[in-house]
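Start at 1 and go down the list; that is how both ligands and their atoms are numbered. Count residues from 1 along the sequence. This structure is a prediction, so every number in the text was calculated from the model and none was measured.
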Amino acid sequence: MAQPTVRWAIVGTGGIALRTLGDLKLCENAEVVAICSRSSESATRFAAEHHIPRHYSDFAALCADPEVDAIYLGTPHGTHFAYASEAITAGKNVLSEKPLTMTADEARELQRLSREHGVLVMEAMWMKFSPSIRKAQELVAAGAIGTPMIVQAGLGYPVPTNGPKRFWVPELGGGALYDMGVYTIALAQLFLGIPESISCVGHTRADGVDYFEGITLTFANGAIAQLTTSITYSIPPRGYLGGTTGSIDFAEPLFSPPAFRHMAADPPRPPVIEEYTFEKEGAGYVPMFRAAGEAILAGEVEHPIHPMSATIAVLETMETVRAQLLAQRDNNLPWTGPVGPAE
Ligand SMILES: NC(=O)c1ccc[n+]([C@@H]2O[C@H](COP(=O)([O-])OP(=O)(O)OC[C@H]3O[C@@H](n4cnc5c(N)ncnc54)[C@H](OP(=O)(O)O)[C@@H]3O)[C@@H](O)[C@H]2O)c1
(Lines give C-alpha, C1' and ligand atoms only; values in the text may rest on other atoms or scores of the structure.)
Protein backbone atom coordinates (compact mmCIF):
# COMPACT_ATOMS: atom_id res chain seq x y z
CA MET A 1 0.00 0.00 0.00
CA ALA A 2 1.32 3.45 -0.90
CA GLN A 3 2.60 5.58 1.99
CA PRO A 4 0.19 8.44 2.74
CA THR A 5 1.73 11.79 1.89
CA VAL A 6 1.12 15.43 2.67
CA ARG A 7 0.94 17.68 -0.40
CA TRP A 8 3.04 20.75 0.49
CA ALA A 9 3.24 24.23 -0.97
CA ILE A 10 6.17 26.52 -0.24
CA VAL A 11 5.70 30.27 0.08
CA GLY A 12 8.71 32.45 -0.75
CA THR A 13 11.51 31.80 -3.20
CA GLY A 14 14.34 33.19 -1.03
CA GLY A 15 17.15 31.76 1.08
CA ILE A 16 15.29 29.39 3.37
CA ALA A 17 13.03 28.00 0.64
CA LEU A 18 16.11 26.90 -1.28
CA ARG A 19 17.72 25.40 1.83
CA THR A 20 14.69 23.40 2.91
CA LEU A 21 13.26 22.28 -0.43
CA GLY A 22 15.68 19.35 -0.75
CA ASP A 23 14.84 18.17 2.77
CA LEU A 24 11.12 18.36 2.16
CA LYS A 25 11.64 16.22 -0.94
CA LEU A 26 13.64 13.71 1.15
CA CYS A 27 10.69 13.09 3.47
CA GLU A 28 8.89 9.89 2.59
CA ASN A 29 5.58 11.41 3.78
CA ALA A 30 5.91 14.65 1.78
CA GLU A 31 5.29 15.77 -1.76
CA VAL A 32 6.06 19.32 -2.92
CA VAL A 33 3.20 20.25 -5.24
CA ALA A 34 3.27 24.06 -5.42
CA ILE A 35 5.41 27.17 -5.00
CA CYS A 36 4.09 30.67 -4.33
CA SER A 37 5.97 33.92 -4.86
CA ARG A 38 4.92 37.56 -4.94
CA SER A 39 6.23 37.61 -8.48
CA SER A 40 4.87 35.31 -11.17
CA GLU A 41 8.28 35.33 -12.86
CA SER A 42 10.00 34.00 -9.71
CA ALA A 43 7.26 31.44 -9.13
CA THR A 44 7.48 30.17 -12.71
CA ARG A 45 11.27 30.01 -12.64
CA PHE A 46 11.41 28.31 -9.22
CA ALA A 47 8.81 25.72 -10.28
CA ALA A 48 10.69 24.93 -13.49
CA GLU A 49 14.11 24.74 -11.84
CA HIS A 50 12.91 22.48 -9.02
CA HIS A 51 10.34 20.40 -10.88
CA ILE A 52 7.38 21.63 -8.85
CA PRO A 53 4.11 21.00 -10.73
CA ARG A 54 2.20 24.18 -9.84
CA HIS A 55 3.12 27.80 -9.20
CA TYR A 56 1.23 30.80 -7.86
CA SER A 57 1.81 34.52 -7.54
CA ASP A 58 -1.50 35.00 -5.74
CA PHE A 59 -1.55 33.69 -2.18
CA ALA A 60 -5.38 33.56 -2.06
CA ALA A 61 -5.36 31.33 -5.16
CA LEU A 62 -2.84 29.02 -3.50
CA CYS A 63 -5.07 28.82 -0.42
CA ALA A 64 -8.00 27.86 -2.66
CA ASP A 65 -6.13 24.98 -4.29
CA PRO A 66 -7.81 21.74 -3.12
CA GLU A 67 -4.70 19.75 -4.11
CA VAL A 68 -2.63 21.47 -1.39
CA ASP A 69 -2.78 20.09 2.16
CA ALA A 70 -0.12 22.14 3.90
CA ILE A 71 1.71 25.43 3.47
CA TYR A 72 5.30 26.04 4.58
CA LEU A 73 6.03 29.74 5.07
CA GLY A 74 9.61 30.63 4.13
CA THR A 75 9.07 34.39 4.24
CA PRO A 76 10.39 37.11 6.61
CA HIS A 77 9.05 37.02 10.18
CA GLY A 78 6.92 40.15 9.90
CA THR A 79 4.82 38.49 7.15
CA HIS A 80 4.08 35.19 8.94
CA PHE A 81 0.92 36.16 10.81
CA ALA A 82 -0.96 37.49 7.79
CA TYR A 83 -0.05 34.52 5.58
CA ALA A 84 -0.68 31.95 8.33
CA SER A 85 -4.07 33.32 9.37
CA GLU A 86 -5.29 33.43 5.76
CA ALA A 87 -4.06 29.89 5.09
CA ILE A 88 -5.53 28.40 8.27
CA THR A 89 -8.85 30.10 7.64
CA ALA A 90 -8.83 28.49 4.19
CA GLY A 91 -8.38 25.09 5.87
CA LYS A 92 -4.67 24.62 5.18
CA ASN A 93 -2.18 23.18 7.67
CA VAL A 94 0.62 25.67 8.33
CA LEU A 95 4.28 25.22 9.19
CA SER A 96 5.85 28.64 9.48
CA GLU A 97 9.48 29.63 9.77
CA LYS A 98 10.63 30.97 13.11
CA PRO A 99 9.56 33.06 14.86
CA LEU A 100 5.98 32.03 14.19
CA THR A 101 4.73 35.60 14.74
CA MET A 102 6.00 38.89 16.11
CA THR A 103 3.79 38.82 19.22
CA ALA A 104 2.36 36.23 21.60
CA ASP A 105 -1.15 37.54 20.92
CA GLU A 106 -0.77 36.83 17.20
CA ALA A 107 0.35 33.28 18.02
CA ARG A 108 -2.65 32.83 20.33
CA GLU A 109 -4.90 33.94 17.48
CA LEU A 110 -3.31 31.38 15.12
CA GLN A 111 -3.82 28.73 17.79
CA ARG A 112 -7.49 29.72 18.07
CA LEU A 113 -7.92 29.63 14.29
CA SER A 114 -6.18 26.25 13.94
CA ARG A 115 -8.49 24.73 16.54
CA GLU A 116 -11.54 26.29 14.87
CA HIS A 117 -10.54 24.96 11.43
CA GLY A 118 -9.04 21.67 12.61
CA VAL A 119 -5.64 22.13 10.96
CA LEU A 120 -2.07 22.02 12.22
CA VAL A 121 -0.22 25.19 13.14
CA MET A 122 3.44 24.83 13.99
CA GLU A 123 6.54 26.97 14.16
CA ALA A 124 9.46 25.50 12.20
CA MET A 125 11.66 25.23 15.30
CA TRP A 126 13.83 22.51 13.71
CA MET A 127 16.28 22.60 16.64
CA LYS A 128 13.75 20.81 18.84
CA PHE A 129 13.35 17.99 16.31
CA SER A 130 17.08 17.38 15.85
CA PRO A 131 18.12 13.94 17.14
CA SER A 132 20.73 15.43 19.47
CA ILE A 133 18.28 17.70 21.28
CA ARG A 134 15.75 14.85 21.48
CA LYS A 135 18.40 12.55 23.01
CA ALA A 136 19.50 15.26 25.45
CA GLN A 137 15.88 15.67 26.58
CA GLU A 138 15.68 11.92 27.14
CA LEU A 139 18.88 11.91 29.22
CA VAL A 140 17.78 14.90 31.27
CA ALA A 141 14.39 13.30 31.93
CA ALA A 142 16.22 10.18 33.14
CA GLY A 143 18.22 12.30 35.61
CA ALA A 144 21.54 12.10 33.76
CA ILE A 145 22.61 15.61 34.84
CA GLY A 146 20.52 15.88 38.01
CA THR A 147 18.46 19.05 38.13
CA PRO A 148 19.20 21.37 35.16
CA MET A 149 20.38 24.67 36.63
CA ILE A 150 22.13 26.59 33.88
CA VAL A 151 21.76 27.07 30.15
CA GLN A 152 24.38 29.04 28.27
CA ALA A 153 23.63 29.67 24.63
CA GLY A 154 24.79 32.07 21.99
CA LEU A 155 24.35 32.78 18.32
CA GLY A 156 25.67 35.67 16.32
CA TYR A 157 27.43 36.67 13.15
CA PRO A 158 28.00 39.91 11.29
CA VAL A 159 25.26 40.37 8.71
CA PRO A 160 25.91 43.05 6.08
CA THR A 161 23.06 45.51 5.88
CA ASN A 162 22.67 44.65 2.22
CA GLY A 163 22.20 40.99 3.18
CA PRO A 164 18.78 39.34 3.64
CA LYS A 165 16.20 42.02 4.38
CA ARG A 166 14.78 40.14 7.32
CA PHE A 167 17.77 41.21 9.41
CA TRP A 168 17.71 44.97 8.91
CA VAL A 169 14.18 46.00 7.90
CA PRO A 170 12.04 46.83 10.96
CA GLU A 171 8.69 46.06 9.25
CA LEU A 172 9.91 42.56 8.36
CA GLY A 173 10.91 41.82 11.96
CA GLY A 174 14.54 42.90 11.64
CA GLY A 175 17.03 42.47 14.48
CA ALA A 176 19.04 39.81 16.26
CA LEU A 177 16.44 38.82 18.84
CA TYR A 178 13.69 37.52 16.56
CA ASP A 179 16.04 35.89 14.08
CA MET A 180 18.73 34.34 16.28
CA GLY A 181 17.83 35.00 19.92
CA VAL A 182 14.71 32.90 19.40
CA TYR A 183 16.87 29.74 19.31
CA THR A 184 18.72 30.58 22.52
CA ILE A 185 15.50 31.36 24.40
CA ALA A 186 13.79 28.24 23.02
CA LEU A 187 16.71 26.11 24.25
CA ALA A 188 16.68 27.72 27.71
CA GLN A 189 12.92 27.34 28.11
CA LEU A 190 12.97 23.75 26.80
CA PHE A 191 15.25 22.69 29.66
CA LEU A 192 14.48 25.21 32.41
CA GLY A 193 10.81 26.09 31.87
CA ILE A 194 9.15 29.50 32.07
CA PRO A 195 11.40 32.24 33.46
CA GLU A 196 10.51 34.12 36.62
CA SER A 197 12.53 37.19 35.68
CA ILE A 198 13.94 38.49 32.41
CA SER A 199 16.66 41.09 32.04
CA CYS A 200 18.46 42.25 28.98
CA VAL A 201 21.30 44.61 28.21
CA GLY A 202 21.77 45.43 24.56
CA HIS A 203 22.07 47.79 21.64
CA THR A 204 19.34 48.89 19.28
CA ARG A 205 19.29 51.36 16.42
CA ALA A 206 16.93 54.33 16.36
CA ASP A 207 14.64 52.46 13.95
CA GLY A 208 14.20 49.66 16.51
CA VAL A 209 16.52 47.06 14.94
CA ASP A 210 18.43 45.40 17.81
CA TYR A 211 21.89 44.14 16.93
CA PHE A 212 23.67 42.94 20.07
CA GLU A 213 22.32 41.80 23.39
CA GLY A 214 22.90 39.71 26.47
CA ILE A 215 19.84 38.21 28.14
CA THR A 216 19.60 36.70 31.61
CA LEU A 217 16.62 34.58 32.55
CA THR A 218 16.10 33.37 36.10
CA PHE A 219 13.79 30.57 37.18
CA ALA A 220 11.82 29.83 40.33
CA ASN A 221 14.26 27.10 41.50
CA GLY A 222 17.29 29.37 41.14
CA ALA A 223 18.26 28.19 37.66
CA ILE A 224 19.81 30.79 35.33
CA ALA A 225 20.07 31.11 31.54
CA GLN A 226 22.75 33.35 30.04
CA LEU A 227 22.11 34.08 26.38
CA THR A 228 23.87 36.29 23.85
CA THR A 229 22.95 37.14 20.30
CA SER A 230 24.05 39.56 17.61
CA ILE A 231 23.79 40.42 13.95
CA THR A 232 26.96 42.51 14.07
CA TYR A 233 29.42 40.36 16.04
CA SER A 234 30.46 36.71 16.01
CA ILE A 235 29.15 34.61 18.87
CA PRO A 236 29.79 30.85 18.82
CA PRO A 237 26.55 29.05 17.93
CA ARG A 238 26.67 26.80 20.97
CA GLY A 239 24.50 25.53 23.77
CA TYR A 240 25.47 24.20 27.19
CA LEU A 241 23.30 22.69 29.87
CA GLY A 242 24.61 22.25 33.40
CA GLY A 243 22.93 20.42 36.24
CA THR A 244 23.46 19.32 39.83
CA THR A 245 25.21 16.06 38.83
CA GLY A 246 26.45 16.62 35.28
CA SER A 247 26.28 18.54 32.05
CA ILE A 248 25.55 18.36 28.34
CA ASP A 249 27.76 20.39 26.03
CA PHE A 250 26.30 20.64 22.51
CA ALA A 251 28.54 20.86 19.46
CA GLU A 252 27.99 23.71 16.99
CA PRO A 253 25.64 24.72 15.52
CA LEU A 254 23.07 25.32 18.19
CA PHE A 255 20.07 24.94 15.86
CA SER A 256 21.06 21.43 14.79
CA PRO A 257 23.86 20.06 17.00
CA PRO A 258 25.61 17.10 15.34
CA ALA A 259 26.97 15.84 18.68
CA PHE A 260 27.18 16.48 22.41
CA ARG A 261 29.37 15.54 25.34
CA HIS A 262 27.65 14.24 28.44
CA MET A 263 29.54 14.55 31.69
CA ALA A 264 28.30 12.74 34.81
CA ALA A 265 29.90 14.05 37.99
CA ASP A 266 30.41 11.64 40.85
CA PRO A 267 32.98 13.18 43.21
CA PRO A 268 35.48 12.26 44.52
CA ARG A 269 35.70 9.85 41.54
CA PRO A 270 36.67 11.36 38.19
CA PRO A 271 33.73 12.43 36.03
CA VAL A 272 32.41 10.00 33.44
CA ILE A 273 32.36 11.50 29.97
CA GLU A 274 30.42 10.10 27.05
CA GLU A 275 30.34 11.48 23.51
CA TYR A 276 27.19 11.18 21.42
CA THR A 277 27.13 11.79 17.68
CA PHE A 278 24.16 11.87 15.34
CA GLU A 279 23.53 11.32 11.63
CA LYS A 280 22.33 14.39 9.77
CA GLU A 281 19.42 13.80 7.43
CA GLY A 282 19.63 16.16 4.46
CA ALA A 283 20.46 19.67 5.64
CA GLY A 284 18.99 18.88 9.07
CA TYR A 285 15.35 19.83 8.48
CA VAL A 286 14.11 16.33 7.60
CA PRO A 287 13.09 15.29 11.16
CA MET A 288 10.98 18.45 11.53
CA PHE A 289 9.22 18.12 8.16
CA ARG A 290 8.62 14.41 8.73
CA ALA A 291 7.16 15.11 12.19
CA ALA A 292 4.93 17.90 10.87
CA GLY A 293 3.70 15.53 8.14
CA GLU A 294 2.96 12.79 10.65
CA ALA A 295 0.95 15.19 12.80
CA ILE A 296 -1.01 16.42 9.75
CA LEU A 297 -1.76 12.88 8.61
CA ALA A 298 -2.92 12.06 12.15
CA GLY A 299 -5.24 15.08 12.13
CA GLU A 300 -3.40 16.88 14.96
CA VAL A 301 -3.72 20.65 15.34
CA GLU A 302 -0.41 20.99 17.22
CA HIS A 303 2.77 18.93 17.51
CA PRO A 304 3.63 17.54 20.96
CA ILE A 305 7.37 18.13 20.46
CA HIS A 306 6.83 21.82 19.74
CA PRO A 307 3.32 22.74 20.86
CA MET A 308 1.92 26.24 20.59
CA SER A 309 2.29 26.70 24.37
CA ALA A 310 6.09 26.54 23.88
CA THR A 311 6.01 28.95 20.92
CA ILE A 312 3.82 31.38 22.87
CA ALA A 313 6.00 31.18 25.99
CA VAL A 314 9.12 32.05 23.96
CA LEU A 315 7.30 34.93 22.24
CA GLU A 316 6.25 36.27 25.65
CA THR A 317 9.89 36.27 26.78
CA MET A 318 10.95 37.95 23.53
CA GLU A 319 8.33 40.66 24.00
CA THR A 320 9.74 41.51 27.44
CA VAL A 321 13.30 41.48 26.09
CA ARG A 322 12.22 43.65 23.16
CA ALA A 323 10.60 46.23 25.45
CA GLN A 324 13.82 46.44 27.48
CA LEU A 325 15.89 46.79 24.32
CA LEU A 326 13.71 49.60 23.00
CA ALA A 327 14.04 51.44 26.31
CA GLN A 328 17.85 51.29 25.90
CA ARG A 329 17.94 52.39 22.26
CA ASP A 330 21.27 54.09 21.60
CA ASN A 331 21.80 54.02 17.84
CA ASN A 332 25.45 54.19 18.68
CA LEU A 333 26.94 51.27 16.80
CA PRO A 334 30.71 50.82 16.86
CA TRP A 335 30.45 48.85 13.62
CA THR A 336 33.52 47.07 12.29
CA GLY A 337 31.84 44.83 9.73
CA PRO A 338 32.03 44.88 5.95
CA VAL A 339 29.10 47.24 5.36
CA GLY A 340 28.08 49.94 7.80
CA PRO A 341 24.48 49.68 8.96
CA ALA A 342 22.38 52.35 7.35
CA GLU A 343 19.11 53.62 8.70
N1 LIG B 1 15.38 27.47 9.94
C2 LIG B 1 16.45 28.04 9.43
O3 LIG B 1 17.54 27.47 9.37
C4 LIG B 1 16.33 29.41 8.88
C5 LIG B 1 17.39 29.96 8.18
C6 LIG B 1 17.21 31.19 7.58
C7 LIG B 1 15.99 31.84 7.73
N8 LIG B 1 14.99 31.28 8.45
C9 LIG B 1 13.69 31.95 8.59
O10 LIG B 1 13.09 31.93 7.31
C11 LIG B 1 12.36 33.12 7.08
C12 LIG B 1 12.81 33.72 5.75
O13 LIG B 1 14.19 33.91 5.76
P14 LIG B 1 15.01 34.14 4.39
O15 LIG B 1 16.43 34.25 4.72
O16 LIG B 1 14.59 33.11 3.41
O17 LIG B 1 14.44 35.55 4.03
P18 LIG B 1 14.47 36.34 2.64
O19 LIG B 1 15.38 35.62 1.69
O20 LIG B 1 14.70 37.78 2.95
O21 LIG B 1 12.94 36.22 2.17
C22 LIG B 1 12.39 35.02 1.79
C23 LIG B 1 11.34 35.24 0.72
O24 LIG B 1 10.14 35.67 1.31
C25 LIG B 1 9.31 36.20 0.25
N26 LIG B 1 8.53 37.32 0.75
C27 LIG B 1 7.21 37.32 0.96
N28 LIG B 1 6.78 38.49 1.45
C29 LIG B 1 7.87 39.27 1.53
C30 LIG B 1 8.05 40.61 1.94
N31 LIG B 1 7.05 41.39 2.37
N32 LIG B 1 9.32 41.11 1.88
C33 LIG B 1 10.35 40.35 1.47
N34 LIG B 1 10.21 39.05 1.07
C35 LIG B 1 8.98 38.52 1.10
C36 LIG B 1 10.27 36.53 -0.88
O37 LIG B 1 10.03 35.58 -1.90
P38 LIG B 1 9.23 36.03 -3.20
O39 LIG B 1 9.97 37.17 -3.77
O40 LIG B 1 9.26 34.80 -4.01
O41 LIG B 1 7.84 36.42 -2.75
C42 LIG B 1 11.63 36.30 -0.31
O43 LIG B 1 12.57 35.84 -1.24
C44 LIG B 1 12.59 34.01 8.30
O45 LIG B 1 11.48 33.98 9.13
C46 LIG B 1 13.79 33.38 8.99
O47 LIG B 1 13.74 33.50 10.41
C48 LIG B 1 15.14 30.08 9.01
### Worked check of salt bridge (charged side-chain N to carboxylate O under 4.0 Å, His left out) between Arg322 and Glu213
CA-CA 10 Å; Arg322 176 103 185 114; Glu213 56 255 16; over 6 Å; no
Considering non-hydrogen atoms of the protein only, which is the closest contact for [atom], and what is the distance?
atom                    : value
atom 23 (C) of ligand 1 : Gly74 O, 3.6 Å
atom 20 (O) of ligand 1 : Lys165 N, 3.9 Å
atom 32 (N) of ligand 1 : Arg38 NH1, 3.3 Å
atom 31 (N) of ligand 1 : Thr79 CG2, 3.6 Å
atom 37 (O) of ligand 1 : Thr13 N, 3.2 Å
atom 4 (C) of ligand 1  : Ile16 CD1, 3.2 Å
atom 38 (P) of ligand 1 : Ser37 OG, 3.3 Å
atom 48 (C) of ligand 1 : Glu97 OE1, 3.1 Å

### Query
How does Asp179 reach ligand 1, if at all, at less than 4.0 Å between non-hydrogen atoms: by side chain, backbone, both, or neither?
side chain
### Query
Where on Lys98 is there a heavy atom closer than 4.0 Å to ligand 1, on the side chain, on the backbone, on both, or on neither?
both
### Query
Charged N to carboxylate O below 4.0 Å: is that the case for Arg112 and Glu109?
yes
### Message
Using a strict threshold of under 4.0 Å (side-chain N to carboxylate O), is an ion pair present between Arg238 and Asp249?
### Response
yes
Taking only non-hydrogen atoms of [X], do any sit less than 4.0 angstrom from ligand 1?
X      : value
Phe255 : no
Ser39  : no
Tyr183 : yes
Glu171 : no
Tyr285 : yes

Among [options], which one puts a heavy atom closest to [atom]?
atom                    : options                    : result
atom 28 (N) of ligand 1 : Tyr83, Phe59, Tyr178       : Tyr83
atom 24 (O) of ligand 1 : Ser40, Cys36, Pro76, Gly14 : Pro76
atom 6 (C) of ligand 1  : Met288, Arg166, Glu41      : Arg166

#### Entry: N/O separation below 3.5 Å, Leu172 to ligand 1
no
### Task
Indicate yes or no: does an N/O atom of His77 lie under 3.5 Å from an N/O atom of ligand 1?
yes
### Query
Between the side chains of Thr103 and Thr101, is a donor N or O closer than 3.5 angstrom to an acceptor N or O?
no
### Message
Hydrogens and angles aside, do Arg134 and Gln137 bring a side-chain donor and acceptor to less than 3.5 Å of each other?
### Response
yes
### Query
With under 30° as parallel and over 60° as perpendicular, where do the rings of Tyr211 and His203 fit, or are they tilted in between?
parallel
### Task
Classify the ring geometry between Phe278 and Tyr276 as parallel (under 30°), tilted (30 to 60°) or perpendicular (over 60°).
parallel
Atoms of ligand 1, numbered as shown, that sit under 4.0 Å from any heavy atom of [X]:
X      : result
His80  : 45 (O)
Trp126 : 1 (N), 2 (C), 3 (O)
Gly15  : 16 (O), 19 (O)

### Task
Carefully, step by step, assess Asp210 and Arg205 under the rule salt bridge (charged side-chain N to carboxylate O under 4.0 Å, His left out).
CA-CA 6 Å; Asp210 59 291; Arg205 297 196 306 187; over 6 Å; no
### Query
Taking the side chain as C-beta and beyond, is there a heavy-atom pair between Val94 and Val119 under 4.5 Å?
no
### Message
Just verifying a value: how many Å separate Thr228 OG1 and Phe212 CZ, rounded to the nearest 0.5 Å?
### Response
7.5 Å
### Task
Would you please indicate if the ring centroids of Tyr240 and Phe250 are separated by under 6.0 Å?
no
### Message
Under the criterion salt bridge (charged side-chain N to carboxylate O under 4.0 Å, His left out), I'd like the reasoning laid out for Lys98 against Glu123: C-alpha separation, chi angles, the key distance, then a yes or no.
### Response
CA-CA 6 Å; Lys98 34 58 59 173; Glu123 180 183 47; over 6 Å; no
### Query
Out of Ile16, Asn93, Leu21, which one pairs with Tyr72 under the side chain to side chain contact (heavy atoms under 4.5 Å, CB included) rule?
Ile16
### Query
Hey, is atom 18 (P) of ligand 1 under 4.0 Å from any protein heavy atom?
no
### Query
Where is the tightest heavy-atom contact between Lys128 and Ala310, given as atom of each residue plus distance?
NZ-CB, 3.5 Å
